[in-house]
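These notes concern the structure reproduced below.
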Amino acid sequence: MEKTENDRHDRSAGTTDSGTINSSTINSDTRLSLIWNLLKGSRLFFVISIFATLMVNVFDMISPQIIRTTIDCVIGDKELELPGIVSELAGRYGSTGFLRSHLWAAGGAIVLLAACSAVFRYVSMVFNSRGAEHFAKTMRDCLFSHIQKLPFSWHMKNQTGDIIQRCTSDVDTIKNFISEQLTAVFRIIMMIVLSLFFMFSMNVKLTMVALVFIPIIFLYSWGFHAKIRERFTKCDENEGTLSIIAQENLTGIRVVRAFGRENFEKERFERQNNIYTNEWMKLCLVLSLFWGTGDLVSGLQIMLVVVMGAYFCVQGQMTAGEFIAFVSYNTMLVWPVRSLGKTISEMSKAGVSAERIRYILNSQAEQDKPGAVTPDMEGDIEFHNVSFGYGNEKILSDVSFKIEKGTTFGILGGTGSGKSTLMYLLNRLYDLPPENGKITVGGVDIADMKGEWVRQHVGMVLQEPFLFSRTISENIGITGESVSLTEIRQAAAIACVDGAITDFAKGYDTLVGERGVTLSGGQKQRTAIARMLMQKTPVMVFDDSLSAVDAETDLKIRQALKHKLAKATVILIAHRVTTLMQADCIMVLDKGRVAEIGSHQELMEKNGIYRKVYDMQMRVTEEEPIPVVKRSFTTGMGSDDMAGAAKRRVPIPCG
């Protein structure tokens, strides 16, 4: 069966148009270096956008000069002063006289400048948008690619909802800052420079009046910077917490409904939502003070310029045209200065988001030792004095045992005895420190192997299997690049799930729903077994993955595995003794130590933990009450039939 377009898209995650994104090459020593490196592939878009923006500034700055000249020289009697080429062109048509009789020419020039400005503004917006989206795509690709390489222990420490929030909301915050604020800085600087140039050329005194307020605007903007950053950090963190609650609730909705916890979860969400909203209200208060102060200072500046300009006009120190042009330039000056204040406030938010993204990209990716090998994985598996724990909690203590290749090895133990931890270490989901012992396959330490190579040859089925929101065939065949439906059905048959799948209306094209909610617990486990079988690995681990199936199906699966996969090394972890009885060797773990090891018969003769568990489970089976009914609707068996089946320990067929 060929892979779908979604699969191909998934495999391309972490790539850009220019090739594969290698997160390890991203310099994230500082927030600035992080953003600069992530802009690779988008820089040309932003350069074109900035150039177009600067051209818009040029055209916008010329318009007030045309108005000034028209009022003072064409309508008024001041001597006409035009740039060289314009003066030469105007001279051919009688210069001032022609312009006075053709005032539409001044209006036409303004319209032409506005049209040119509109074209360049369009170019700026198009390339800015393309650059922003490409930049955001690069960030998402890089983050997703790097997260895939982070060790399992990192994922255990960081909650999914918070990671999602960093990869979505924080990415958008940085994208918006770059596209809306940082690129505008160049336009702002140019507008300030050109505005001041024209203002000084018209009236130095009035320009100095306008400049008095600029340091004030910068000072209060920088003062608000720390407050805005602090408030936005709290908002971002609380949004992450809110995302975690929503993600957990939606993922475990069946559990919530089953235990009637809807009101509890609703109150929990609303409580966090209130905290999040209150933090945003506090941020909005700071921003309101910031913008309100800015409006007040800017309004005072404009008012003072207008008043002083009117006074200079009355005194004859300025012409009417110069005054109108000066007010236009002053407005152009106030806006960019105010925008720099906004840029500072938005920089606070973007800085918080960049720091949160840096945390992910600076997290150490899983790495193999230099010269890591890829040896044959069909040899004996040995644990040599293995000790391990999570943090301060010690799980395994000096565990040593050997699994001969091609045999079935069973592991029995209570909850927390370290059964699953052994397999996580074997699969390199957790790396075993050198001082804590070693694990070898065919005599080669797995720490000296490539992690990807180990996982490709050690297949695992967990007690709580995860299925993707795709069809059953896609879930089973996801481990191969191109697999046929025949191969998928063969694996499903060994897992004793083929019959159940074909009974569905759409068969193998049935969508399993999010996390496999369409299937029962046993069907999910068997589908996960079939998926692992598609890997055809020499080592297969079943971590209590038969707990949700009945005893009869359990037996069928084990018999099929033994018949079809005789050469594979099979490791069975179970609480059910009947699942392990036929194993070549069985190990009993007790509080992280090897309590007993041997065949079923040998362990029975020892009268140890294994024998006690066996007797207890068999006694519970014999003492189970048998319902008295005339005829079972679901099984088609009468009460005598079920009683006889129970005495003979024959599994009763389920409906």
Side-chain angles (χ1 to χ4, degrees), residues 148-153 155-156 366-369 372-384 386 388 395-396 399-411 418-433 436-466 476-481 491 494-495 525 527-546 557-558 561-562 564-574 580 583-585 587 589:
Q148 299 300 303
K149 301 172 186 175
L150 293 175
F152 188 63
S153 56
H155 288 276
M156 293 298 99
E366 192 175 55
Q367 294 180 341
D368 296 317
K369 288 183 177 180
V373 297
T374 55
D376 181 14
M377 296 291 288
E378 295 185 358
D380 296 342
I381 300 172
E382 290 190 67
F383 281 66
H384 304 268
V386 172
F388 189 76
I395 303 297
L396 299 172
V399 174
S400 298
F401 61 92
K402 179 178 180 181
I403 305 174
E404 296 182 359
K405 68 174 183 178
T407 62
T408 299
F409 189 85
I411 302 177
K419 306 184 300 299
S420 297
T421 301
L422 285 173
M423 297 306 104
Y424 292 157
L425 293 173
L426 175 62
N427 196 252
R428 287 277 302 275
L429 289 177
Y430 287 100
D431 283 322
L432 183 65
N436 287 17
K438 66 177 182 177
I439 304 169
T440 61
V441 178
V444 181
D445 192 339
I446 63 170
D448 297 327
M449 303 180 190
K450 291 185 177 180
E452 184 179 1
W453 176 262
V454 173
R455 296 185 192 109
Q456 286 176 350
H457 291 80
V458 179
M460 285 190 69
V461 184
L462 304 178
Q463 181 180 2
E464 297 180 4
F466 179 90
I476 295 176
I478 202 170
T479 57
E481 289 293 325
I494 297 175
Q525 282 191 337
T527 301
I529 291 172
R531 177 173 61 192
M532 189 268 286
L533 294 175
M534 289 297 298
Q535 287 184 273
K536 299 177 182 177
T537 56
V539 180
M540 297 186 178
V541 179
F542 298 84
D543 188 359
D544 211 8
S545 52
L546 300 173
I557 293 174
R558 285 186 284 109
L561 289 173
K562 190 172 184 178
K564 298 288 185 179
L565 308 169
K567 294 183 180 180
T569 301
V570 177
I571 302 175
L572 294 173
I573 299 175
L580 307 175
D584 298 297
C585 186
M587 179 177 68
L589 281 179

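Numbering of residues begins at 1 and proceeds along the displayed sequence. Keep in mind that this is a model prediction, so the values were computed, not measured.
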> Can you tell me how far the CD1 atom of Ile529 sits from the CE atom of Met534, to the nearest 0.5 Å?
Replying inline: 15.0 Å
> Taking atom CG of Leu396 and atom NZ of Lys419, what is their separation to the nearest 0.5 Å?
Replying inline: 11.0 Å
> Partners of His155 by side-chain hydrogen bond (donor to acceptor under 3.5 Å, both in side chains), sequence neighbours excluded?
Replying inline: none
>> Can you tell me how far apart OG1 (Thr374) and CD (Gln456) are? Round to the nearest 0.5 Å.
In response: 9.5 Å
> In a check of side chain to side chain contact (heavy atoms under 4.5 Å, CB included) between Glu382 and each of Val441, Ile403, Thr440, Asp445, which one passes?
Replying inline: Thr440
> Under 3.5 Å, side chain of Ser400 to main-chain N/O of His384, donor-acceptor pair present?
Replying inline: no
> Excluding sequence neighbours, so at least two apart, what forms salt bridge (Lys or Arg N to Asp or Glu O under 4.0 Å) with Asp448?
Replying inline: Lys369
>> Just to verify, what does Tyr430 make a side chain to side chain contact (heavy atoms under 4.5 Å, CB included) with, not counting sequence neighbours?
In response: Phe152, Ser153, Met156, Phe388, Tyr390, Tyr424, Leu425
> Going from CZ on Phe542 to CD1 on Ile573, what distance comes out if it is rounded to the nearest 0.5 angstrom?
Replying inline: 11.0 Å
> Hey, mind stepping through Val541 and Asn427 against side chain to side chain contact (heavy atoms under 4.5 Å, CB included) and telling me if it holds?
Replying inline: CA-CA 9 Å; Val541 179; Asn427 196 252; over 6 Å; no
> Do Met540 and Leu533 have side-chain heavy atoms sitting under 4.5 Å apart?
Replying inline: yes
>> So which atom in Val444 and which in Pro375 form the shortest heavy-atom distance, rounded to 0.1 Å?
In response: CG1-CG, 4.0 Å
>> My understanding is that only residues two or more places apart in sequence, or in another chain, count here; which of them pass salt bridge (Lys or Arg N to Asp or Glu O under 4.0 Å) with Lys450?
In response: none
>> Which heavy atom of Asp368 sits nearest to which heavy atom of Met449, and what is that distance?
In response: OD1-O, 3.8 Å
> Who are the side chain to side chain contact (heavy atoms under 4.5 Å, CB included) partners of Gln367, not counting sequence neighbours?
Replying inline: Gln364
>> Just verifying a value: how many Å separate Lys149 NZ and Glu452 CD, rounded to the nearest 0.5 Å?
In response: 11.0 Å
>> Run the side chain to side chain contact (heavy atoms under 4.5 Å, CB included) test against Gln148 and tell me which residues pass, sequence neighbours left out.
In response: Phe144
> Given Met423 and Ile411, is the side chain to side chain contact (heavy atoms under 4.5 Å, CB included) satisfied, shown in steps?
Replying inline: CA-CA 10 Å; Met423 297 306 104; Ile411 302 177; 3.8 Å; yes
> Shortest non-hydrogen contact from Ala495 to Ala530?
Replying inline: CB-N, 3.9 Å
> CE/Met377 to CH2/Trp453 distance, rounded to the nearest 0.5 angstrom?
Replying inline: 8.0 Å
>> Any heavy-atom pair between the side chains of Met587 and Leu422 that's under 4.5 Å?
In response: yes
>> Any heavy-atom pair between the side chains of Arg455 and Leu429 that's under 4.5 Å?
In response: yes
> Residues in side-chain hydrogen bond (donor to acceptor under 3.5 Å, both in side chains) with Asp431, at least two apart?
Replying inline: Arg428
> What residues form a side-chain hydrogen bond (donor to acceptor under 3.5 Å, both in side chains) with Lys536, not counting sequence neighbours?
Replying inline: none
>> Holding to salt bridge (Lys or Arg N to Asp or Glu O under 4.0 Å), I want the full list of residues that pass it with Asp380, two or more places apart in sequence or in another chain.
In response: Lys402
>> Holding to ring pair (Phe, Tyr, Trp, His ring centres under 6.0 Å), I want the full list of residues that pass it with Phe409, two or more places apart in sequence or in another chain.
In response: Phe401
> Does the side chain of Ile381 come within less than 4.5 Å of Leu426's, by heavy atoms?
Replying inline: yes
> In chain order, what residues pass the side chain to side chain contact (heavy atoms under 4.5 Å, CB included) check against Thr408, with sequence neighbours excluded?
Replying inline: Val570, Leu572, Ala583, Asp584
> With sequence neighbours excluded, what pairs up with Thr537 under the side-chain hydrogen bond (donor to acceptor under 3.5 Å, both in side chains) test?
Replying inline: none
